[in-house]
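This report refers to the structure that appears directly beneath it.
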Amino acid sequence: MILIQLTDLHVRPLGLAAMRICETNVLTERALRAVRDFRPRPDALLITGDLTNNGLIAEYQNLAEMLARLIDIPVYVIPGNHDDRANFRTALDHLPGVSTDPEFVQYTVEHLPVRLVMLDTMIPGQIDGELCPRRMAWLDRTLAEQPNKPTIIAMHHPSFACGVGSMDSILLRNPAGFEALVRRHRQVRRIICGHHHRTIIGNVAQAIAMTGPGAAQVVDFELFTDSPGMWVLEPSAFLVHVGLDDGSLVSHAVLVERYPGPYPSVPDRD
Ligand SMILES: [Fe+2]
Ligand SMILES: [Fe+2]
């Protein structure tokens with residue numbers, strides 16, 4: 001099983017950059033081409049929130065056009081804080097699961113060797129996220145349905161701190177409540193998030209928790225400062241979650257851009 005996770009595309013209307021310098025449309029198209037060309041062919045593409053920068057219908061339409069043109073594997077999406085839930089549903093209604101729940105964009109994917117639980121952590125107008133009582137109850141009930149199947153939870157907002165001030169101020173609210181819930185459901189193996197635009201690995205109870213790198217723009221790495229998150233034009237990347245034959249799950253970070261090589265590993269004769 002191969003799952004590709006792109007996150008934080010921050011797509012803009014055609015022809016416009018994000019925050020004046022981030023050409024997110026070009027970068028998203030390039031990331032989607034990397035997914036299209038990835039071999040072996042992935043089982044699915046997951047996009048973990050902040051699909052657009054301003055939640056505009058024109059932005060979702062631009063993304064929908066790129067997905068339709070470039071991607072022919074199942075695409076599973078969830079919203080982030082930059083999204084607008086109503087416009088998200090309107091423009092991406094054709095994607096599986098998007099309209100399953102009447103209020104939130106939350107659903108499960110059951111046909112893969114690993115069960116996917118796709119969560120909606122957005123609070124309209126807020127940068128941080130939450131699982132309100134209704135969403136917590138849905139998650140608890142949903143995980144209880146399949147206690148023995150290895151499970152990945154996908155959600156935009158991470159709940160674990162990482163030491164970067166600008167990131168640790170915009171996490172999931174009530175991380176202790178979420179951790180206690182995950183601890184009760186031992187089949188949860190991975191929690192895959194977006195939001196930070198960097199690859200960061202931590203844990204939530206027994207599960208490895210990680211944030212995916214920016215598939216478009218990247219946030220600067222500033223440990224133990226309280227400066228606002230700044231953008232840097234570092235190479236963009238994505239995660240490849242692989243289920244191996246022995247039942248284990250591994251995750252690779254892969255750069256979007258291709259570099260010279262590969263070259264054979266040969267001894268130097270001097
Ligand atoms: Fe983002
Ligand atoms: Fe975000």
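For reference, positions follow the sequence shown, starting with 1. As the structure lists them, so they are numbered: ligands from 1, and atoms in each ligand from 1.
Looking only at side-chain heavy atoms (C-beta outward), D128 and E130 stay at 4.5 Å or farther from each other. At a threshold of 4.5 Å between non-hydrogen side-chain atoms, the residues T108 and T142 count as touching.
For the pair R135 and F104, the cation-pi test (distance below 6.0 Å, angle within 45°) is passed.
With sequence neighbours left out, the side chain to side chain contact (heavy atoms under 4.5 Å, CB included) criterion links V250 to V242, L244, H252.
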R30/E23 under salt bridge (Lys or Arg N to Asp or Glu O under 4.0 Å): CA gap, chis, key distance, verdict
CA-CA 11 Å; R30 199 177 62 158; E23 292 289 351; over 6 Å; no
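For R141 and E145, the salt-bridge test fails: no basic side-chain N is under 4.0 Å from an acidic carboxylate O.
Protein atoms of type N, O or S found under 2.8 Å from the Fe ion (ligand 2) total 4.
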